[in-house]
Amino acid sequence: MADIALTRSKPRKPPLSIPKGAADGAFITYASLLLAFLYMPVAILIIFSFNDSRVLAWPLSGFTLDWYRTLFANADLLEAVGNSFYVATLSTALALCIGIPAAMALHRFAFPGKALFRRLLLLPIALPGIVTGISMLNFFNLMGFNLNLHTVVLGHATALLAVVVIQVFARLQRLPRSLEEASSDLGANALATFWYVTLPNIKTAIVGSGLLVFVLSFDEIPVTFFLTGRDNTLPMYIYSTMRRGVTPEINAVGTLLILFSVVLILLAAFLTRAPGRKR
């Protein structure tokens with residue numbers, strides 16, 4: 001019994017602990033390596049857009065802006081860029097115009113088949129782009145539509161509608177109903193309540209989903225491949241020129257798109273900042 005008591009009273013060794021400085025250093029190292037892996041290709045693309053040689057190899061032969069001049073002199077490439085912006089803008093507008101009311105209907109009303117309706121909204125984004133593209137192509141051929149940029153817009157908006165619905169619906173779920181009820185009690189009609197109460201509270205979800213739809217539509221290839229006619233978009237143009245390899249003009253347009261993406265991020269931060277918040 002005494003041996004058992006001594007065994008039970010024997011102090012336990014404290015668990016091994018990692019010094020806080022070592023843990024922070026390991027985390028910073030891991031984060032730095034991850035960021036380097038993600039952004040090193042972007043940095044290489046930007047660097048080679050200023051390279052004086054068409055050969056993508058180290059060391060760089062010199063600094064030049066000729067590839068940007070070549071880019072702005074390439075009518076086909078500029079037309080493809082304009083088409084991509086046109087398609088992405090219309091697709092985003094259409095997805096927002098349909099997705100916001102759909103999200104509000106899912107949030108406010110209980111109707112037969114509501115659960116099935118929610119799942120059907122998620123179907124286009126869950127399907128592979130090739131399946132969506134072939135399905136839309138068969139539909140447009142059956143209806144007698146000519147393939148052009150507008151059929152691409154309809155295809156992109158259909159495929160990306162779920163992005164808007166999911167984000168706006170999730171934000172509406174976190175919005176207290178008491179705010180809208182208080183607005184109604186004070187005499188505001190449904191439109192005024194939406195404009196002054198609901199919309200400011202879901203603004204971040206609308207801006208975020210709109211930007212995401214714009215970027216995804218701008219980069220879309222499978223759906224565009226099946227639905228475009230004679231008009232070319234930038235991803236399709238780059239895809240068609242890849243047989244000759246990555247040319248410096250492609251690096252230049254990629255650099256400009258990176259700059260445009262940074263502007264979009266800053267614009268989103270500006271639009272979604274809290275009212276009256278000091279910068």
Side-chain angles (χ1 to χ4, degrees), residues 15-51 53 55-61 63 67-68 71 81 84-85 88 91-92 95 122 124-130 156 159-160 162-171 174 203-224 233-236 238-239 241-242 245-274 277 279:
L16 294 176
S17 60
I18 301 176
K20 187 176 184 300
D24 292 343
F27 176 77
I28 293 174
T29 302
Y30 172 76
S32 301
L33 292 175
L34 180 61
L35 291 176
F37 176 77
L38 292 175
Y39 291 104
M40 187 65 70
V42 176
I44 292 175
L45 180 143
I46 296 174
I47 292 172
F48 274 107
S49 70
F50 298 101
N51 188 21
S53 173
V55 180
L56 304 181
W58 296 103
L60 302 180
S61 59
F63 178 86
W67 307 124
Y68 290 88
L71 162 64
V81 173
S84 289
F85 276 105
S91 299
T92 302
L122 298 177
I125 199 173
L127 289 174
I130 294 178
H156 287 190
L160 300 174
V163 175
V164 178
V165 176
I166 291 172
Q167 293 199 31
V168 175
F169 178 74
R171 185 65 187 89
R174 299 195 300 270
K203 179 175 65 174
T204 55
I206 294 175
V207 173
S209 61
L211 289 176
L212 185 57
V213 170
F214 183 91
V215 172
L216 292 175
S217 175
F218 196 93
D219 295 336
E220 176 64 40
I221 289 182
V223 175
T224 308
T233 61
L234 180 60
M236 295 298 299
I238 295 175
Y239 177 76
T241 60
M242 284 302 294
V246 179
T247 61
E249 300 97 305
I250 301 302
N251 291 333
V253 72
T255 301
L256 294 178
L257 290 177
I258 292 171
L259 178 61
F260 177 73
S261 300
V262 173
V263 173
L264 280 183
I265 293 173
L266 296 177
L267 179 62
F270 174 78
L271 293 176
T272 58
R273 76 188 191 281
R277 181 180 178 182
R279 310 299 288 175

Are any non-hydrogen side-chain atoms of Gln167 and Leu212 less than 4.5 angstrom apart?
yes
Decide yes or no for Pro222 and Pro128: does some side-chain heavy atom of the first lie under 4.5 Å from some side-chain heavy atom of the second?
no
Please name the pair of heavy atoms, one in [X] and one in [Y], separated by the smallest distance, quoted to 0.1 Å.
X	Y	value
Val253	Leu234	CG2-CD2, 4.2 Å
Thr92	Gly210	CG2-O, 3.4 Å
Gly129	Val223	O-CG2, 3.7 Å
Ala95	Val213	CB-CG1, 4.2 Å

[atom2] on [Y] to [atom1] on [X], rounded to 0.5 Å:
X	Y	atom1	atom2	value
Leu71	Trp67	CG	CH2	12.0 Å
Asp219	Phe214	CG	CZ	9.5 Å
Arg171	Lys203	CZ	NZ	11.5 Å
Met40	Leu33	CE	CG	10.0 Å
Tyr30	Leu35	OH	CG	10.0 Å
Ile238	Thr233	CD1	OG1	9.0 Å

Would Phe218 and Phe260 satisfy ring-ring contact (aromatic ring centres under 6.0 Å, His included), going step by step from the backbone distance to the final call?
CA-CA 12 Å; Phe218 196 93; Phe260 177 73; 7.3 Å; no
Name the residue from Thr255, Leu257, Ile250 that meets the side-chain contact (heavy atoms from CB on, under 4.5 Å) definition with Leu45.
Thr255
Take atom CD1 in Ile130; do more than 12 heavy atoms of anything else shown fall under 6.0 Å from it?
no
By ring-ring contact (aromatic ring centres under 6.0 Å, His included), which residues pair with Tyr68, not counting sequence neighbours?
Phe50
For Ser91, side chain to side chain contact (heavy atoms under 4.5 Å, CB included) partners two or more places apart:
Val87, Val153, His156, Ser217
